Amino acid sequence: MTYLSDFRPGLVARPELRRRRLPGVVGYRVTAELNESEPPIRRTLEIPSDLGLDMFHQVLQGAFGWTDSHLHRFALGGSPFDQDSQVFLCSYDVAEGDDDGPPEESVRIDEVLQEPGDVLHYVYDYGDHWDLTIRLDALLAEPPRGAPATCVDGQRAAPPDDCGSRRTAAELAEVLEVPARFDIEEVNASLSHPVLLMQHAGIDSSLVTLLLRLRSAPVGPRLAALGSVLCAEQPPPSHDEIDELLRPVRWFLERAEGEGIPLTAAGYLKPVDVEAASEVIPAAKDWIGKKNREDQTAPVLWFRETLQSLGLLRKYKGRLLLDQGGHQRAGRRWLPLGSHRPAAGAGHGRL
């Protein structure tokens, strides 16, 4: 097993192993298996061949019951940390620039898997190192409809986040009540989360990824409700309604434009900005206290740190600045694409 600690720092020229996209959209049946799990822990999924790797990451998170609270990486030709493999980077790794590879959001699954037997590698959580081998089992005449993925088979419960890389039945019995449990209906319910379904309603994939990261936040239920409306056969919500849901994110990005947001010597938002942020973050509005100190206003602190972990903001020399993802999104409206949805095979849109 290769761990992050084995990876030698510094950029290394990597091979180009991607292939041309398929001319049309078909269905894929793939099996993702946790390496060195005993007995095997696996999920068999049906997905469309034009699914982006950023969304496939979310599919894997739902299929294995993980929380997307750690870094991840895809690779062709070997482990995500082998020097001779081609890697596809998550947004944080792209922003850090510590490796050579295209961002996963620019790559589709049919560029890395095309023929039965083709293999893609994936690792989630560089510490516990949940490494999956993903094999293309078969091509289907039709892609799945509705959800971006459907689970058709599986085996055993997946290890939970932060359990120390347990992989055997005996080890998992220490953290799971029933390690042998596999509930296909539960998995498919996760794969049909309303926000995840927004991809099939023509919503920009970058926005979908952001909303998925926020689904456990206090605003999560409202986002899920929005997803349900967008995916239903009825008129979508107005631009103003969508903007209201995303108002807290927009406030931080607009405030951080230019010279950034000044921080205290301890690295917190200054009182005037804590008070202003509390007015737009729903969970902070009812927070007890004066709401003028970030270390005592948990919803503001949590929200700001979440935007940093998403690669939208970063700390630098006593200020909170737009990170790479924030520069791409600041000053632009996040709207449903609706009738402007790109044709199959046209790739993903941008915010």
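These numbers come from a predicted model, not from an experiment. Computed from heavy atoms alone, side chains included, the values below leave out hydrogens, waters and symmetry copies. If you read the sequence from its start, that first residue is 1, and numbering goes on from there.
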Heavy-atom side-chain contact between Ser190 and Phe64 under 4.5 Å: no
Val178 backbone acceptor or donor facing Arg181 side chain under 3.5 Å: no
Side chains of Glu275 and Glu279 in contact at under 4.5 Å (non-hydrogen atoms): no
Verify same cluster id: Tyr268, Ile281 (apolar side-chain graph, 4.5 Å): no
Over all atoms of both residues, closest heavy-atom pair of Leu321 and Gly260: CD2-CA, 3.6 Å
For the student: nearest non-hydrogen atoms of Gln155 and Pro39, plus distance: NE2-CB, 4.2 Å
Heavy-atom donor-acceptor pair, Asn188 side chain to Thr150 backbone, under 3.5 Å: no
Distance-minimising heavy-atom pair for Arg43 and Val187: NE-CG2, 4.2 Å
Carboxylate-amine/guanidinium proximity below 4.0 Å for Arg19 and Asp118: yes
Main-chain N/O of Asp183 paired with Glu186 side-chain donor or acceptor, under 3.5 Å: no
Side chain to side chain, Leu120 and Ile109, heavy atoms closer than 4.5 Å: yes
Any side-chain heavy-atom pair of Leu320 and Lys315 under 4.5 Å: yes
Minimum-distance pair of heavy atoms, taken over all atoms of Glu294 and Val300: OE2-O, 3.9 Å
Exam field: side chain Arg319 to backbone Glu259, donor-acceptor pair closer than 3.5 Å: yes
CA sep, side-chain torsions, deciding dist, call: Arg167, Asp128, salt bridge (charged side-chain N to carboxylate O under 4.0 Å, His left out): CA-CA 10 Å; Arg167 296 166 189 257; Asp128 281 356; over 6 Å; no
Test item: Pro103 and Leu89 side chains (from C-beta on) under 4.5 Å apart, heavy atoms: no
Ion pair check, Glu257 and Arg255, cut-off under 4.0 Å: no
Sidechain-backbone polar pair: Trp130 side chain, Trp66 backbone, donor-acceptor under 3.5 Å: no
His121 side chain reached by Ser85 side chain, heavy atoms, under 4.5 Å: no
Within 6.0 angstrom of Glu177 CD, more than 12 heavy atoms from elsewhere: no
Shortest non-hydrogen separation from Gln86 to Leu17 and the atoms involved: OE1-N, 2.6 Å
Validation row: Phe56, Glu104 side chains within 4.5 angstrom (heavy atoms): no
Cationic N near anionic O, under 4.0 Å, Arg14 to Asp84: no
Intermediate values then yes/no, salt bridge (charged side-chain N to carboxylate O under 4.0 Å, His left out), Glu254 and Arg247: CA-CA 10 Å; Glu254 292 178 350; Arg247 187 182 173 200; over 6 Å; no
Arg314 NZ/CZ over Tyr316 ring centroid, <6.0 Å and within 45° of normal: yes
Side-chain donor or acceptor of Thr168 paired with backbone N/O of Glu171 under 3.5 Å: yes
Closest contact, heavy atoms only, Leu269 versus Thr264: O-CG2, 3.9 Å
Sub-4.5 Å side-chain heavy-atom contact between Leu140 and Val26: no
Please list every donor-acceptor pair under 3.5 Å in which a side-chain atom of residues 282-292 meets a protein atom from a residue at least two apart or in another chain.
residue: Trp287; atom: NE1; partner: Gln296; partner atom: O; Å: 2.9
residue: Lys291; atom: NZ; partner: Ala284; partner atom: O; Å: 3.4
residue: Lys291; atom: NZ; partner: Lys285; partner atom: O; Å: 2.9

Pair Tyr122-His57, side chain to side chain donor-acceptor pair (under 3.5 Å): steps then yes or no: CA-CA 9 Å; Tyr122 169 87; His57 157 68; 2.8 Å; yes
Short side-chain to backbone donor-acceptor contact, Glu111 and Arg21, under 3.5 Å: no
Side-chain donor or acceptor of Glu46 paired with backbone N/O of Pro144 under 3.5 Å: no
His129 and Tyr124 side chains, donor-acceptor separation under 3.5 Å: no
